[in-house]
Trainee: 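Encoded as structure tokens, here's the structure I'll be asking about.
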Amino acid sequence: MAPALLLRSFDDGGVALEPGRRFTLATFLAFVRDHELSHRGQDAARWVWDDTASFYPKLLAADVRVQRCHDLRLCHAILRNSALTGASLLASTDRGFWDAAPEQQPTARHRGTALFDLEAEQAPESDSEPEFRRQLAAVNSSAEPRRIRLLLAAESAGALIAAEMRFAGLPWNTAAHEQLLTRELGARVPSGVRPERLEQLAATIRVLLDDRTLNPDSQQDLLKALQNAGLPITSTQQWHLKEVEHPVIAPLLQYRKLSRLLSANGWSWLDAWIVDGRFHAEYLPGGVVTGRWAARGGGALQLPKQVRAAVIADPGWTFVVADAAQLEPRILAALSGDLAMAQAGHETDLYAGIVASGVVETRAHAKVAMLGAMYGATTGESGRLLPRLARAYPRALGLTEAAARTGERGDVVTTRLGRSSPRPPDAWLAAQAQAYAASASHVDERRARSQARDWGRFTRNFVVQGSAAEWALCWMAEIRTQLWKLEGSASVAGRGPGLFAAAPHLVFFLHDEVIVHTPLALAEQVAALVARAATAAGKLLFGDFPVDFPLTVATVENYADAK
DNA sequence: TGTCGCAGCGCG
DNA sequence: AAAGCGCGCTGCGACA
């Protein structure tokens with residue numbers, strides 16, 4: 001049965017311009033294709049639909065791309081929480097269909113909706129058109145409509161990009177990966193069996209710990225065996241192990257490393273995730289509270305450096321790998337309007353700039369101190385360096401401190417474009433209330449204070465991490481737009497059928513880093529547009545504030561060769 | 001047999 | 001040198 005779709009046009013205020021037209025999926029696809037081809041670069045529609053992740057893949061499979069969309073599900077989540085739209089009807093309405101996590105939503109909605117699904121009677125809660133109006137009303141009544149509007153556009157663009165990257169896939173050379181596995185682990189063995197190299201290391205460990213039955217995969221066994229051997233150890237974490245001297249440490253760490261390689265990115269991972277030389281990772285835009293993306297399946301955002309050598313461009317193609325240098329401190333400088341910190345990063349490595357300003361002695365110190373400021377370190381080297389940073393950059397450090405205090409009170413903080421932190425959970429509020437009760441014990445007070453500080457560290461980091469995520473979305477959206485233009489202006493040598501087979505396209509995103517897979521001939525232009533996009537993203541978020549967003553850009557055929 | 005919390009470790 | 005944010009995945013081991 002072909003899904004029945006209703007498409008209506010609206011003006012910017014959400015007023016319907018016409019009664020609407022009915023489509024089958026096939027006729028809708030043809031309509032969208034025609035529209036996008038005839039409106040390249042200007043006056044293109046912003047397609048409003050329930051859920052990009054469930055609908056856009058149908059378009060991509062039919063070789064149809066769209067320039068812009070409005071993802072009702074993702075935008076609802078932002079508007080529901082944002083302090084900038086807290087007074088809206090949307091925010092005060094009971095939680096419902098649009099608040100459900102995607103996997104919990106009824107399957108009926110996955111039938112596909114364009115603007116509005118005529119099968120709505122099968123999913124009565126899915127009221128796309130009224131929801132769209134509620135969202136527009138929330139934006140228009142906001143204290144900062146420009147920021148919220150940009151955030152919704154960026155989030156929606158991210159959803160398009162996530163679907164496109166999954167569709168295109170990251171080039172993955174299975175042979176190179178297998179070669180790497182065989183070199184490190186030995187020949188392939190059935191799952192459940194230790195490969196040769198791991199078995200050798202296990203035997204060595206057993207001898208050195210004088211325990212013939214030891215299973216090195218069991219933390220409990222291992223900890224006991226290490227203690228029996230006289231090692232003063234309470235945990236088997238890497239850094240903890242590295243602190244003690246014993247002949248077993250080296251082979252044990254090697255065992256851990258290889259065991260991890262086998263279980264996380266071994267042969268079964270290859271079998272499960274690599275299809276026709278591509279890793280089709282499923283990205284989840286908005287999957288992290290701060291607005292960062294998450295990923296599901298295959299560990300797309302945790303690809304170990306160890307296996308990146310298997311990410312190899314197609315013949316005649318190459319990768320442009322770009323990452324934003326010291327993104328979060330630069331975001332902090334701009335957020336807080338700290339000219340001195342922004343200046344420290346002007347045309348140079350920001351940490352080097354901090355050293356050059358005489359604030360600390362080494363780059364490593366500058367980095368650990370900055371991380372401490374953004375994460376809320378109190379002890380160790382980072383804690384010791386913080387006062388010097390605070391004297392040099394009072395505005396930046398003032399912002400992180402204020403964000404921490406806000407969280408400690410149980411209040412909400414908000415990113416540059418308007419994503420707000422969640423309220424603390426009920427158990428947290430109860431613990432704070434308990435600490436003020438007449439019956440409160442010292443234990444109650446200590447626990448409440450500790451939890452308050454925990455939440456303060458979360459909100460402290462939220463504003464920076466969340467605003468950096470917004471910058472990254474704007475960066476990537478601009479890259480996508482410019483790649484599309486480049487494709488239109490350049491004659492590109494094709495390599496088989498498919499939407500992205502002939503043109504440069506995004507294939508990977510990792511918080512502050514992107515990879516574009518491009519024909520060799522266009523690599524230089526791609527590298528240039530990626531850098532321009534970083535500057536454009538900075539302007540979108542921070543206007544004329546003088547902060548740089550420099551990139552490290554590498555054009556490489558193998559991801560392992562980047563930086 | 002399946003579920004779940006935890007430890008450990010990969011990424012930013 | 002190793003504590004301070006955000007994630008996902010795996011294997012172990014406890015429990016039903």
Side-chain angles (χ1 to χ4, degrees), chain A residues 191-192 194 198 215-223 234-244 252-253 255-266 268-269 272-273 281-308 323-329 331-332 362 364-365 367-386 400 403-404 407 413 415 419 421-422 450 453-469 471-472 508-514 559 563:
Chain A
S191 82
R194 278 201 192 93
L198 272 180
N215 172 12
D217 293 320
S218 161
Q219 293 104 270
Q220 296 179 15
D221 283 12
L222 188 59
L223 187 57
T234 55
S235 133
T236 69
Q237 279 177 40
Q238 272 185 49
W239 65 265
H240 209 149
L241 292 174
K242 282 176 189 162
E243 282 184 331
V244 294
L252 181 54
L253 291 174
Y255 180 90
R256 279 273 173 86
K257 190 177 160 196
L258 294 180
S259 169
R260 166 92 195 174
L261 173 64
L262 174 66
S263 65
N265 299 100
S268 39
W269 182 88
W273 295 106
E282 182 183 6
Y283 297 97
L284 304 173
V288 178
V289 274
T290 58
R292 275 189 173 181
W293 288 12
R296 179 164 53 201
L301 302 184
Q302 306 138 258
L303 287 181
K305 298 220 160 87
Q306 217 178 356
V307 303
R308 293 184 182 181
D323 79 270
Q326 307 95 42
L327 177 59
E328 292 196 350
I331 291 289
L332 173 59
T362 66
H365 280 177
K367 183 172 178 176
V368 78
M370 274 304 316
L371 291 177
M374 294 184 298
Y375 293 164
T378 53
T379 61
E381 185 155 58
S382 182
R384 280 196 301 281
L385 292 166
L386 276 178
T400 56
V413 296
T415 59
R419 195 184 309 258
S421 62
S450 154
R453 289 203 186 110
D454 289 348
W455 197 259
R457 283 193 302 276
F458 165 61
T459 54
R460 169 198 295 272
N461 187 246
F462 184 97
V463 281
V464 179
Q465 186 182 120
S467 300
W471 180 90
F508 193 60
F509 171 54
L510 188 54
H511 308 313
D512 62 357
E513 174 177 348
V514 298
Y559 186 23
K563 77 172 153 186

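Order of the sequence lines sets the chain letters (A, B, ...), proteins ahead of strands, with each chain counted from 1.
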Trainee: Just to be sure I understand the rule, does A/R457 reach a base, reach only the sugar-phosphate, or reach nothing, if contact means heavy atoms closer than 4.0 Å?
Mentor: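 Counting heavy atoms under 4.0 Å across all strands, the contact made by A/R457 is with sugar-phosphate only.
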Trainee: Among C/dC9, B/dG12, B/dA7, which nucleotide has an atom closest to any side-chain atom of A/H511?
Mentor: B/dG12
Trainee: What does A/L327 touch in the nucleic acid at a heavy-atom separation under 4.0 angstrom: a base, only the sugar-phosphate, or nothing?
Mentor: nothing
Trainee: Indicate, with a heavy-atom threshold strictly under 4.0 Å, whether A/R308 touches base, sugar-phosphate, or nothing.
Mentor: sugar-phosphate
Trainee: Rounded at 0.5 Å granularity, tell me how far CE in A/M374 sits from CG in A/L332.
Mentor: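 Atom-to-atom, A/M374:CE and A/L332:CG are 7.0 Å apart.
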Trainee: Measure from CH2 on A/W455 to P on C/dC5 and round the result to the nearest Å.
Mentor: 12 Å
Trainee: Rounding to a whole Å, what distance do you find between A/L510:CG and C/dG8:C1'?
Mentor: 13 Å
Trainee: Indicate, with a heavy-atom threshold strictly under 4.0 Å, whether A/V464 touches base, sugar-phosphate, or nothing.
Mentor: nothing
Trainee: So what does A/R256 hit on the nucleic acid, given a heavy-atom distance under 4.0 Å: a base, only sugar-phosphate, or nothing?
Mentor: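 The answer is sugar-phosphate, as A/R256 gets under 4.0 Å only of primed atoms, P, OP1 or OP2.
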Trainee: Identify whether any heavy atom of A/K257 sits under 4.0 Å from a base atom; if not, whether one sits that close to sugar-phosphate; answer base, sugar-phosphate or nothing.
Mentor: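 Answer is nothing: A/K257 stays at 4.0 Å or more from every strand.
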Trainee: What nucleic acid atoms does A/G376 come within less than 4.0 Å of, heavy atoms only: base, sugar-phosphate, or nothing?
Mentor: sugar-phosphate
Trainee: Nearest-Å distance, CG (A/D217) to P (B/dA7)?
Mentor: 17 Å
Trainee: Using a 4.0 Å heavy-atom cut-off, does A/G297 contact any base of the nucleic acid, only the sugar-phosphate backbone, or nothing at all?
Mentor: sugar-phosphate
Trainee: Drop me the distance from A/L241's CG to A/L222's CG, to the nearest 0.5 angstrom.
Mentor: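 It is 7.5 Å, given to the nearest 0.5 Å.
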Trainee: Nearest of C/dG4, C/dG8, C/dC12 to any side-chain atom of A/N215?
Mentor: C/dC12
Trainee: In whole angstrom, give the distance that lies between atom CZ of A/F508 and atom P of B/dG12.
Mentor: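 After rounding, the gap between these two atoms is 9 Å.
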Trainee: Look at the side chain of A/R292 against the base of B/dG12 and say whether a donor-acceptor pair falls under 3.5 Å; ignore hydrogens and angles.
Mentor: yes
Trainee: What nucleotide, of C/dG8, C/dC5, C/dG4, holds the atom closest to the side chain of A/N461?
Mentor: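 Between C/dG8, C/dC5, C/dG4, the one nearest the side chain of A/N461 would be C/dC5.
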Trainee: With a 3.5 angstrom cut-off on both distances, give the Watson-Crick or G-U wobble partner of C/dA14, or none if there isn't one.
Mentor: B/dT3
Trainee: Using whole Å, report how far CG of A/D221 lies from P of B/dG8.
Mentor: 13 Å
Trainee: Can you check the A/R296 CZ to B/dG10 C1' distance for me, whole Å?
Mentor: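 The answer, rounded to whole Å, is 20 Å.
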Trainee: Tell which nucleotide pairs with B/dG12, taking only Watson-Crick or G-U wobble pairs whose two distances are both under 3.5 angstrom.
Mentor: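 The base-pairing partner of B/dG12, which may sit in any strand shown, is C/dC5.
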Trainee: Considering only C/dA3, B/dC9, C/dG6, which nucleotide approaches the side chain of A/W239 most closely?
Mentor: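 Of C/dA3, B/dC9, C/dG6, C/dA3 is nearest to the side chain of A/W239.
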Trainee: Is it the case that the side chain of A/W269 and the backbone of A/G298 share a donor-acceptor pair, with hydrogens and angles ignored and the cut-off at 3.5 Å?
Mentor: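 Side chain of A/W269 to backbone of A/G298: a pair is present.
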Trainee: Closest approach to the side chain of A/F458, judged atom by atom: which nucleotide of C/dG8, C/dA3, C/dG6 is it?
Mentor: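 My answer, after comparing the listed nucleotides, is C/dG6.
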Trainee: Relative to the 5' end of DNA chain C, which residue comes earlier, A/G380 or A/Q302, by the nucleotide with the nearest heavy atom?
Mentor: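 The answer here is A/G380.
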Trainee: Determine the contact category for A/T378: base if any of its heavy atoms lies under 4.0 Å from a base atom, sugar-phosphate if only primed atoms, P, OP1 or OP2 are that close, otherwise nothing.
Mentor: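 A/T378: backbone/sugar contact only, no base atoms under 4.0 Å.
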Trainee: Taking only side-chain nitrogens and oxygens of A/T290, does any of them come within less than 4.0 Å of OP1 or OP2 of C/dC5?
Mentor: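 For A/T290, the contact criterion (side-chain N or O under 4.0 Å from OP1 or OP2 of C/dC5) is not met.
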Trainee: Would you say B/dA7 has OP1 or OP2 under 4.0 Å from some side-chain N or O of A/Q238?
Mentor: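 It does not, given that no N or O in the side chain of A/Q238 lies less than 4.0 Å from OP1 or OP2 of B/dA7.
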Trainee: Please report, rounded to the nearest Å, how far the C1' atom of C/dG11 is from the CD atom of A/Q237.
Mentor: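 After rounding, the gap between these two atoms is 16 Å.
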Trainee: Could you give me the CA-CA distance, side-chain angles and deciding distance for A/T236 and A/R256, then say whether side chain to side chain donor-acceptor pair (under 3.5 Å) is met?
Mentor: CA-CA 10 Å; A/T236 69; A/R256 279 273 173 86; 3.0 Å; yes
Trainee: By nearest atom, which of the nucleotides B/dG12, C/dG6, C/dA3 is closest to the A/Y375 side chain?
Mentor: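 Ranking B/dG12, C/dG6, C/dA3 by closest atom to the A/Y375 side chain puts B/dG12 first.
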Trainee: Classify A/A300 by what it touches in the nucleic acid, base, sugar-phosphate, or nothing, heavy-atom distance under 4.0 Å.
Mentor: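 No contact at all - A/A300 keeps every heavy atom at 4.0 Å or more from the nucleic acid.
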Trainee: Does A/K305 place a side-chain N or O at less than 4.0 Å from the phosphate oxygens OP1/OP2 of B/dG12?
Mentor: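 For B/dG12, OP1 or OP2 has a side-chain N or O of A/K305 closer than 4.0 Å.
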Trainee: Give one of base, sugar-phosphate or nothing for A/E243, where a contact means two heavy atoms less than 4.0 Å apart.
Mentor: sugar-phosphate
Trainee: Contact between A/F458 and A/V289 at the side-chain level, heavy atoms closer than 4.5 Å - yes or no?
Mentor: yes
Trainee: Counting C-beta onward and ignoring hydrogens, is there a side-chain heavy-atom pair between A/S259 and A/L198 closer than 4.5 Å?
Mentor: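 Yes, their side chains come closer than 4.5 Å.
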Trainee: What nucleic acid atoms does A/Q465 come within less than 4.0 Å of, heavy atoms only: base, sugar-phosphate, or nothing?
Mentor: base
Trainee: Is there a donor-acceptor contact under 3.5 Å from the side chain of A/R460 to the main chain of A/A373?
Mentor: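 Looks like yes, one N/O pair under 3.5 Å.
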Trainee: Measure the OH-CD distance between A/Y375 and A/Q465 for me, rounded to the nearest 0.5 Å.
Mentor: 7.5 Å
Trainee: For the side chain of A/S235, starting at C-beta, report the closest nucleotide among C/dG4, B/dG8, C/dC7.
Mentor: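 Of C/dG4, B/dG8, C/dC7, B/dG8 is nearest to the side chain of A/S235.
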Trainee: Mind calculating the distance between CG (A/L223) and C1' (B/dC6) to the nearest angstrom?
Mentor: 14 Å
